[in-house]
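Take a look at the structure set out below.
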Amino acid sequence: MCRLFLALALLAPLPAAAFPERPITIINPYAAGSSTDAAARAIADSFTRELGQNVIVTSQSGASGVVGMRALTQAAPDGHTLAYAPLVPLVFQPHLVRNTGLGPEAVAPVCNVTENILGIMVKADSPIRNLSDLVAAARQRVLNYGSPGPNSAPFLGVHRIQAAAGGQYTHIPFRGDNASLLEVIAGRLDFAAIVVASGVPMARAGQVRLIAVFSEGRHPAFPDVPTAREQGVDALQPSYAALFAPRGTPAAVLDRLEGACRRAMDTDGFRRFTENWGAVPSFRPRAELARMLASEYEAAGRTFLELGVQPE
């Protein structure tokens, strides 16, 4: 009988207090050297010290984040495999690509980490000084603009401007924000819709100028630039990045990871990341992140329906 109890005890799952029992991997579903990679490494450094196990960041890029996030969903739900990513692979891609296996229910949220505030930048000497100027110009002629691609979050921000205020816009996709900003500086684009952090160096150099953001609040690097809503255009397009675990990860493990995530955002290493990349910290606990994930998924579905987008 004693041997039976001993055998059953050995087969029982480890209590949450034993977590982590081995090194942890954080998947970055985008390119190495990207802002998501830098954020994941700042979190990993803090987790290594706090959790007492090595935390390794690995990049598994492809299909706008789908490859890496699918790898997360296939990992054991024990907290030893995580992913740090924008919400895009979970709230946009399932509406654009068939059978991704992704969506709000495919993962266990841990905590939101940053807001990637989106906005519009024009050439420094552009006559377009604010959103009213941009809309007025777009009603007079077609404005050419660049973004990271069709159905990207910045692209949807411009769609929201057009839906709310009208105007004519021709979209030209680019690989990354810097490429479209260079075209703005060269005078071949009227504006660029981007992650604002990408344009901070060029704005500081006096080459481009931010005229609006799609967030609920202003970008801290540009406190004098009003949001689209403050300028009378209802064009809200948030963009967040968060830490996720596989669906089915025990609540006690998620609790420990959430606490470690909150404390990681208070470290010097994380503050250096935000300063270097122009990232905006935005901690949200996992319950709030889950609600936001579901809401953004539904909002994206409605928007793509308006645009006539069908999953491929």
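Just so you know, these numbers use all the heavy atoms, side chains as well, and skip hydrogens, waters and symmetry mates.
When atom types are taken as modelled, the side chain of Arg129 and the backbone of Ile211 share no donor-acceptor pair closer than 3.5 angstrom. Remark: the backbone N or O of Arg291 is not paired with any side-chain donor or acceptor of Ser295 at under 3.5 angstrom. A donor-acceptor pair under 3.5 Å is formed between the side chain of Asn28 and the backbone N or O of Ala31.
Linking ILVMFWY residues whenever their side-chain heavy atoms come closer than 4.5 Å, directly or via other members, leaves Ile194 and Leu118 in distinct clusters.
Between His171 and Tyr145, the ring planes are tilted. Angles from 30° to 60° get that label. In this structure, Phe273 and Phe270 have tilted ring planes: the angle between them lies in the 30° to 60° band. Aromatic ring pairs are classed by plane angle as parallel below 30°, tilted from 30° to 60° and perpendicular above 60°; the pair Phe92 and Phe304 is perpendicular.
The existence of a salt bridge linking Asp266 and Arg263 is excluded, since no basic side-chain nitrogen approaches an acidic carboxylate oxygen closer than 4.0 Å. Asp125 has no carboxylate O lying under 4.0 Å from a charged side-chain N of Arg209, or vice versa, which leaves the two without a salt bridge.
For the side-chain contact (heavy atoms from CB on, under 4.5 Å) test with Phe244, the passing option among Leu72, Val110, Thr249 is Leu72; the others fail.
Nearest heavy atoms, Asp190 versus Leu143: OD2-CA, 3.3 Å.
Evaluation of the side chain to side chain contact (heavy atoms under 4.5 Å, CB included) rule for Arg262 yields Phe283 as partners, not counting sequence neighbours. Considering only residues two or more places apart in sequence or on other chains, Glu306 meets the side chain to side chain donor-acceptor pair (under 3.5 Å) condition with His159.
Within the 4.5 Å cutoff, the side chain of Asn112 has heavy atoms near those of the Met292 side chain. Considering only heavy atoms from C-beta on, Val66 stays 4.5 Å or farther from Val97 through its side chain.
At a cut-off of 3.5 Å, with distance as the only test, no side-chain donor of Thr48 or Gln53 sits close to an acceptor on the other residue. A donor atom on one side chain and an acceptor atom on the other are found under 3.5 Å apart for Ser34 and Thr36. Side chains of Arg272 and Thr267: no donor on one and acceptor on the other come within 3.5 Å.
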